[in-house]
Amino acid sequence: MTAPHLAIVGPTASGKSALALEVACAFGDVEIVSIDSMQVYRGLDIGTAKPTPAERAAVPHHLVDVADPGDEWSVARFQREARVAIADIERRGHRALLVGGTGLYVQAVIDPLAIPPEDRAVRDALLARTATPVGLAAAYDALQRADPAAAARIEPGNARRVARALEVLEITGRPFSSFGAGLQEFGPPVFPVRIAGVWLPRPVLNDRIERRFALMRAAGLVDEVRGLAGRGALSRTARQAIGYREVLAHLDGEMPVVDDAFAAAVVRTRQFARRQRMWFRRDPRIRWFGASGNPCSILPALLASWSA
RNA sequence: GGCCGGGUAGCUCAGUCGGCAGAGCACGCGCCUGAAAAGCGCGGGGUCACCGGAUCGACGCCGGUCCCGGCCA
C-alpha cells in the first residue's frame with residue numbers, strides 16, 4: 001500500500017498549476033495528472049494555460065496532449081486514460097498529484113462512477129428531436145414514464161441531459177438511473193487521496209483572469225487559433241474551449257473587433273469559475289486553503305498538511 | 001444657426017388609442033454521470049434625459065431646456 005495520492009482542485013486561474021509544481025519539487029516522488037478537459041488537446045497550448053515544455057521536463061505530466069484537436073473527447077475516455085496513468089505511476093512507486101478544474105472529471109477519476117455507454121448517432125437524433133420546446137417536452141414526458149428517477153434529477157429544460165438519458169435507455173435497454181445515484185453522493189474514493197481546494201477572493205480571481213487573458217493575447221493566442229483553424233477542423237468539443245471559441249468567432253468575422261472577442265472570453269471565464277466554485281463546494285472531502293492574494297502563499301500550509 | 005432622428009435596466013434596444021414598464025446580454029443565486037471550458041433553472045435591478053403644462057391618471061400628449069447622431073447653412 002503506497003502513500004495516498006494527492007489532488008489540487010479549484011477554479012481556473014487560481015494558481016493550481018504553479019502550486020502543483022512546487023509540491024512536486026518539494027516531495028520528489030509525485031507525478032502530475034492534469035484533470036483538464038482542454039489540456040488534453042495537442043495544439044491548444046496558450047489558451048489552455050498548458051504547462052510549458054520546461055515544466056513538463058521538470059515534473060512528469062499526464063493527460064496533457066493526448067488527443068488530436070479533431071477528436072471528440074469525453075469523460076469516459078478521460079476516466080479510462082487517467083486510471084491507466086495513475087496505475088502506471090503507482091507501479092513506479094510514485095504518487096499521483098491530480099491537478100485541475102474540471103469537476104466532473106475529478107469525480108470520474110476518484111469516484112466509482114459507472115459511465116453508461118454511448119452512441120453519438122442515437123444522441124444526435126435525439127437532440128434534433130428535442131431542439132424545439134414541443135419536442136423537448138415530449139421527450140421529457142417519455143423519460144418521466146420510462147425512468148422517473150432520472151427525470152427527477154434532470155431539469156425539463158435541459159435538452160442535453162434529457163437526450164443523454166434517453167440515449168442510454170435506447171441503446172442499453174436499462175434506465176439511466178440504474179447506472180448510479182448521480183453525483184450527490186460523496187463516498188470513499190476508489191483510491192486513497194487527499195484533496196486540497198484553492199480558494200481566492202473573487203475580486204482577486206477576476207483580476208487574475210483578466211491579466212491572464214492579456215498575457216495569452218500577447219503570447220500569440222490569435223495566431224495559435226488561426227493556425228489550428230487553418231490546419232483542419234477542430235472538433236465540436238475542442239472548439240468550445242474558452243478563448244478559442246471567441247477568437248474563432250472573430251476570425252470568422254462574426255465578431256469584427258478582437259477586443260470584443262477577448263472581453264467575451266473574460267466574461268465566460270468568470271462564469272466558468274463560478275460554476276467550478278459551485279461544483280467543488282459541495283464535495284465535503286475537499287480541504288480548502290485560502291489566500292488573500294498570491295496563491296503560492298498557501299504552499300507551506302499545504303505541504304504541512306500533506307506531510308502529516 | 002436651421003431641419004430631421006434619438007435620449008427607457010450596467011450594455012444593446014423594444015414598447016403602450018395615455019391606465020402602476022419589457023427582452024437579450026451582463027450581474028447575483030443555484031443545479032449537474034459519456035460535449036462539462038458543455039448544458040440548464042431561478043433572481044435583483046429602471047425618479048422611462050430635465051423642467052413646466054393640460055388630464056382622474058403621462059414613459060407616452062403640449063411647451064421649453066440640455067445632451068448625442070445625421071443632413072443643410
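No hydrogens, no waters, no symmetry mates; every other heavy atom, side chains included, goes into these values. Residue numbers start from 1 in every chain, and the chains themselves are labelled A, B, ... in the order their sequence lines are given, proteins ahead of strands.
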field: A:Arg153 vs B:rC32: side-chain N/O to OP1/OP2 distance below 4.0 Å
entry: no

task: Starting at atom CZ of A:Arg268, determine the distance to atom P of B:rA26, rounded to an integer number of angstrom.
output: 11 Å

Nucleotide paired to B:rA54 in any strand shown, Watson-Crick or G-U, under 3.5 Å: none

- prompt: For A:Arg236 and B:rA38, is the shortest distance between a side-chain N/O and OP1 or OP2 below 4.0 Å?
  reply: no

message: Tell me whether the side-chain N/O atoms of A:Tyr244 come closer than 4.0 Å to OP1 or OP2 in B:rA37.
response: no

task: Specify the separation, in whole Å, of atom CH2 of A:Trp279 and atom C1' of B:rC40.
output: 13 Å

query: OP1 or OP2 of B:rA37 sitting under 4.0 Å from any side-chain N/O of A:Thr12?
result: no

- request: Can you tell me the distance, in whole Å, between the CZ atom of A:Phe213 and the C1' atom of B:rA37?
  value: 9 Å

field: Side-chain-base donor-acceptor pair under 3.5 Å for A:Arg274 and B:rG30
entry: yes

- prompt: In the strands shown, is B:rG24 matched to any nucleotide by a Watson-Crick or G-U wobble pair with both distances under 3.5 Å, and which?
  reply: B:rC11

query: Below 4.0 angstrom from OP1 or OP2 of B:rG39, is there any side-chain N or O of A:Arg164?
result: no

task: Using the C1' atoms only, state how far B:rG43 lies from B:rA36, rounded to an integer number of Å.
output: 24 Å

message: Return the pairing partner of B:rG5 with a 3.5 Å limit on both distances, Watson-Crick or G-U wobble; otherwise return none.
response: B:rC68

statement: In whole angstroms, the gap separating P of B:rC31 from CD of A:Glu155 amounts to 10 Å

- prompt: Does a distance-only test, which skips hydrogens and angles, find a donor-acceptor pair under 3.5 Å between the side chain of A:Arg160 and the base of B:rA35?
  reply: yes

field: B:rG39 phosphate, OP1 or OP2, under 4.0 Å from A:Arg275 side-chain N/O
entry: no

message: I'd like to check A:Asp71 versus A:Ser235 (side-chain heavy atoms, cut-off strictly below 4.5 Å). Are they in contact?
response: no

query: Which value, rounded to the nearest 0.5 Å, describes the distance between A:Thr52 atom OG1 and A:Glu55 atom CD?
result: 3.5 Å

query: Now, which nucleotide makes the Watson-Crick or G-U wobble pair with B:rC48, with each of the two distances under 3.5 Å?
result: none

- line: Assert: residue with more 5' nearest nucleotide on RNA chain B, out of A:Met278 and A:Arg212, is A:Met278

- prompt: Paired with B:rG41 by Watson-Crick or G-U wobble geometry, both distances under 3.5 Å: which nucleotide is it?
  reply: B:rC29

message: Given A:Leu166, which partner from the list A:Leu127, A:Val122, A:Leu143 fulfils the side chain to side chain contact (heavy atoms under 4.5 Å, CB included) test?
response: A:Leu143

task: Write down the distance between CD1 (A:Ile242) and P (B:rA36), rounded to a whole number of angstrom.
output: 12 Å

Heavy-atom donor-acceptor pair, A:Ser307 side chain to A:Leu303 backbone, under 3.5 Å: yes

Shortest side-chain distance from A:Arg123, nucleotide among B:rA36, B:rC31, B:rA35: B:rA35

query: Got A:Ser37 and A:Phe78 here, is their nearest side-chain heavy-atom distance under 4.5 Å?
result: no

- prompt: Going by distance alone, is a donor N or O of one side chain under 3.5 Å from an acceptor N or O of the other, for A:Gln39 and A:Ser34?
  reply: yes

Side-chain touch A:Phe179/A:Pro117, heavy atoms, less than 4.5 angstrom: yes

query: So what's B:rG18 paired with, Watson-Crick or G-U wobble, going by both distances under 3.5 Å?
result: none

message: Without decimals, in angstroms, what is the distance between A:Asp124 CG and B:rG39 C1'?
response: 15 Å

- prompt: Hey, is the side chain of A:Arg202 poking within less than 4.0 Å of OP1 or OP2 on B:rC29, counting only N and O atoms?
  reply: yes

message: With a 4.0 Å limit, can you tell me whether A:Gln276 has a side-chain N or O closer than that to the phosphate oxygens OP1/OP2 of B:rA36?
response: no

message: I need the CH2-C1' distance between A:Trp73 and B:rA36, as an integer number of Å.
response: 14 Å

- prompt: So, is A:Thr102 close to the B:rA36 phosphate, meaning a side-chain N or O under 4.0 Å from OP1 or OP2?
  reply: no

- line: To the nearest angstrom, the CG-P distance between A:Leu104 and B:rA35 comes to 9 Å

